[in-house]
Amino acid sequence: METNEITNALIKLSNEDDTKNLENVQKILDYYRKSDNPKIKELIYKEYNRFAETVNKIIKKEQKKGEN
């Protein structure tokens with residue numbers, strides 16, 4: 001993923017639904033995960049954890065909708 005693709009993905013984030021938003025975040029995290037810089041890697045793994053928490057919240061929310 002090129003830098004301009006990342007920029008475009010970030011711009012789109014606020015205008016899309018949760019699924020598309022998460023897909024874009026994942027693409028960005030995957031791109032930066034390949035970095036050799038340890039500080040960037042540490043930051044990316046923290047963001048992956050936040051990403052996972054967000055996915056879990058959405059799953060729980062959707063499961064509750066299905067129960068009602």
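One is the number of the first residue; the rest follow in order along the sequence.
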Flag for Tyr45-Arg33: side-chain donor and acceptor within less than 3.5 Å: no
Salt bridge present between Lys46 and Glu42 (N-O < 4.0 angstrom): yes
Any pair counted as side-chain hydrogen bond (donor to acceptor under 3.5 Å, both in side chains), so long as it reaches residues 49-59, sequence neighbours left out: Glu47-Arg50
Qualifying residues under side chain to side chain contact (heavy atoms under 4.5 Å, CB included), relative to Asn37, sequence neighbours excluded: Ser35, Lys39, Ile40
Distance, nearest 0.5 Å, that separates NZ of Lys27 from OH of Tyr32: 15.0 Å
